Asks: 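Below you'll find the structure I mean.
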Protein chains: 2
Amino acid sequence: MKYKAATIKDIAQALHLSTSTVSRALRDSHEISAATKQLVLDHAAKLNYHPNPIALSLKEKKSGSIGVIVSEIANSFFSQTINGIESVANEKGYTVIISQSHESFEKEVRTLHYLASRSIDGLLISVSSATKDLTQLKALHQYGFPIVFFDRIVEDIATHKVMVDNFQGAYNATMHLLAEGYQRIACITNSAHLSITRERVAGYVAALEKHGISSHPSLIKYCFHGGMLLDEVTAAVNQLMKAKPRPDAIFTTSDKLTTGCMRALKKAGVAIPGEIALTGFSNSELIELLHAPITVVRQPAFEMGRVATELLLQLIESKRPVKDFDTRILQTELITAPEVPAKKKGRK
Amino acid sequence: MKYKAATIKDIAQALHLSTSTVSRALRDSHEISAATKQLVLDHAAKLNYHPNPIALSLKEKKSGSIGVIVSEIANSFFSQTINGIESVANEKGYTVIISQSHESFEKEVRTLHYLASRSIDGLLISVSSATKDLTQLKALHQYGFPIVFFDRIVEDIATHKVMVDNFQGAYNATMHLLAEGYQRIACITNSAHLSITRERVAGYVAALEKHGISSHPSLIKYCFHGGMLLDEVTAAVNQLMKAKPRPDAIFTTSDKLTTGCMRALKKAGVAIPGEIALTGFSNSELIELLHAPITVVRQPAFEMGRVATELLLQLIESKRPVKDFDTRILQTELITAPEVPAKKKGRK
DNA sequence: CTGAAAGCGCTAACAC
DNA sequence: GTGTTAGCGCTTTCAG
């Protein structure tokens with residue numbers, strides 16, 4: 001059962017005009033008499049006429065929609081980013097088509113093809129933790145297809161990029177743990193493929209070194225699936241718990257890892273912050289309600305979405321090929337948990 | 001800068017064939033010789049040809065996309081539902097266009113027009129808490145436009161609907177509180193416009209009555225914005241805290257209200273479950289990590305998304321007008337929190 | 001087996 | 001000021 005919309009032709013026939021006259025009247029062209037315009041407008045209203053965007057797209061060779069690929073919308077960081085994306089896109093009359101990769105490379109590629117074939121005008125993407133092969137993205141990019149990366153950047157594709165100062169965010173978080181007296185700080189992080197992983201781990205290592213502590217590879221755990229699989233995080237946590245001497249704190253580099261880690265610690269019966277402290281990246285709004293209201297690194301997600309979308313639309317609407325690309329770095333915020341007296345330990 | 005895709009015409013010219021032959025070859029028509037087919041297919045591959053979906057849509061008068069309107073994707077329940085929707089839609093080759101109403105009626109109407117004008121083939125909607133005027137939805141529905149309601153149903157529009165047994169879910173939650181010995185149970189709920197509000201409140205009242213307790217209007221607080229505004233929830237909580245005698249438990253009827261209530265109680269310095277117990281609808285995965293791991297009513301969100309989408313596609317693909325509509329009722333699950341000894345009080 | 005032509009809804013030269 | 005025509009990419013009669 002189909003909804004049959006009124007077309008310009010319907011109006012033209014009813015009014016004994018040509019379609020072009022109607023079209024022009026509708027677009028308020030100066031070469032149409034006021035009388036005719038009124039006639040057309042009235043009839044259009046009566047028929048509840050709406051231009052068919054598909055026909056328009058065919059003609060203009062643009063669809064008015066942009067694609068977004070994130071790993072998971074059920075993730076505070078991404079849903080906040082999407083809100084930012086949506087706010088700019090709607091403002092400018094674009095539709096947003098959201099797709100999830102669920103941290104699977106295969107799903108990402110499929111989605112990519114799908115979106116590209118759905119004739120979107122541009123793409124915003126935060127690559128999956130499993131993405132190591134960039135063939136598809138590069139091909140698309142080489143065709144001149146507008147792409148903007150956000151959060152999880154791909155370094156060797158030259159286009160606009162938006163991210164936070166990952167190094168600094170991780171550095172601050174680790175420094176915070178050090179300042180509280182923790183000394184043996186482990187790190188649970190995402191797939192090593194990701195730019196954010198490298199940068200965040202570097203920040204963590206730098207903070208340790210600043211305190212004269214050398215990082216230990218066995219205390220850095222990479223989760224290939226970025227915490228999508230709880231088992232992976234649990235395994236990492238359990239290994240850390242068995243290390244001798246046992247770490248007294250953990251730094252996690254993403255939302256999913258932070259909550260996954262809490263879950264694993266809870267299951268293992270390890271108290272936070274009593275037995276081990278935890279600090280990590282997270283944009284979850286429930287953090288303050290958690291059993292252990294930990295200190296978190298918060299990213300300006302909404303802002304990131306806005307900026308990325310502005311850059312993308314700029315790319316899309318540019319008349320000539322853009323050759324000069326921006327990399328926008330936003331700042332993170334360290335939201336410190338209320339002091340838990342029992343937490344202090346060690347020297348200092 | 002635009003990506004110029006190959007068209008059937010390009011292939012036809014290169015091969016000195018007509019566009020219709022190419023078109024047929026591509027669709028593997030039986031009336032094309034194997035040789036020609038091979039020729040066309042090879043060349044199509046070489047040119048990385050992909051049919052233009054917009055041209056197809058124009059012709060077929062269907063876009064292959066469905067619209068979804070929810071209040072907020074940054075809400076566990078809705079993001080899980082969307083995953084369910086996506087899974088069915090992708091399986092069947094449909095694109096999902098997600099829009100948020102942010103619990104605003106104006107935004108919802110704007111979105112509705114927008115989606116309708118973007119020529120989506122059908123709509124899945126969970127109305128906003130502020131929706132009281134159904135003119136737009138009814139108009140769309142009367143034109144024969146396929147719509148399926150989920151979660152927040154609109155009763156007087158005859159189409160497929162998917163929801164949980166709200167009455168039973170609320171009843172079970174309230175009975176759980178009663179069984180634990182709480183007697184003066186308040187209720188913080190959504191806008192009174194919503195079907196789910198009425199049903200959940202009814203379940204709550206029925207449970208109380210089952211225990212010979214009559215419900216008291218002053219203990220039922222309606223939040224018009226469904227918890228989108230924390231102030232609204234805070235005000236409700238504060239009023240309840242001032243009631244004499246003070247309630248010993250609160251039942252909340254949605255995700256946003258449940259967490260909002262926890263936030264408000266925390267700010268007011270009221271301990272859960274020490275000073276007041278809390279139970280409510282929630283699909284958040286962080287519940288078990290909360291300071292007070294409360295008992296929650298969980299909805300089969302993913303499943304709800306799947307079912308709703310199946311019904312919608314059925315509507316879309318039906319040859320003749322559907323007159324026989326389903327209302328699918330799914331069951332909720334009561335996830336009880338681990339016993340906190342201090343919680344028991346009162347008789348029983 | 002293949003081609004020519006029309007049409008989906010709309011806009012934009014190009015007439016008159 | 002208004003009409004005619006062509007064309008966006010594709011499918012589909014209708015002819016050969």
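Being a predicted model, the structure only gives us computed values, none of them experimental. Lettering of chains follows the sequences in order, A, B, ..., and the numbering in each one begins at 1.
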Asks: Without swapping roles, check the side chain of Lys37(B) against the backbone of Arg24(B) for a donor-acceptor pair under 3.5 Å.
Replies: no
Asks: Kindly say whether Ser128(A) contributes a backbone atom to a donor-acceptor pair with the side chain of Lys107(A) at under 3.5 angstrom?
Replies: no
Asks: Can you build the contact string for nucleotides 6-12 of chain D? Use B for base contact, S for sugar-phosphate-only contact, and - for no protein heavy atom under 4.0 Å.
Replies: -BBBBBB
Asks: Do side-chain atoms of Lys132(B) reach the backbone of His193(B) as a donor and acceptor pair under 3.5 angstrom?
Replies: no
Asks: Whole-Å distance between dT4(D) P and His16(A) NE2?
Replies: 14 Å
Asks: Which part of the nucleic acid, if any, lies within reach of Leu17(B) when heavy atoms closer than 4.0 Å are counted: base, sugar-phosphate only, or nothing?
Replies: sugar-phosphate
Asks: Any side-chain heavy atom of Ile73(A) within less than 4.5 Å of one from Val70(A)?
Replies: yes
Asks: Please report, rounded to the nearest Å, how far the P atom of dG9(C) is from the CG atom of Leu47(A).
Replies: 13 Å
Asks: Atom CG of Asp10(A) and atom C1' of dC8(C): how far apart are they, to the nearest Å?
Replies: 13 Å
Asks: If we count only N and O atoms by modelled type, under 3.5 Å, do the side chains of Arg152(B) and Ser195(B) hold a donor and an acceptor together?
Replies: no
Asks: Is there side-chain contact between Tyr49(B) and Leu26(B), with heavy atoms separated by less than 4.5 Å?
Replies: yes
Asks: So, does Glu103(A) use its side chain to make a donor-acceptor pair with the main chain of Met228(A) at under 3.5 Å?
Replies: no
Asks: With the threshold set at under 4.0 Å for non-hydrogen atoms, list the residues of residues 32-43 of chain A touching DNA chain D in residue-number order.
Replies: Ile32(A), Ser33(A), Thr36(A)
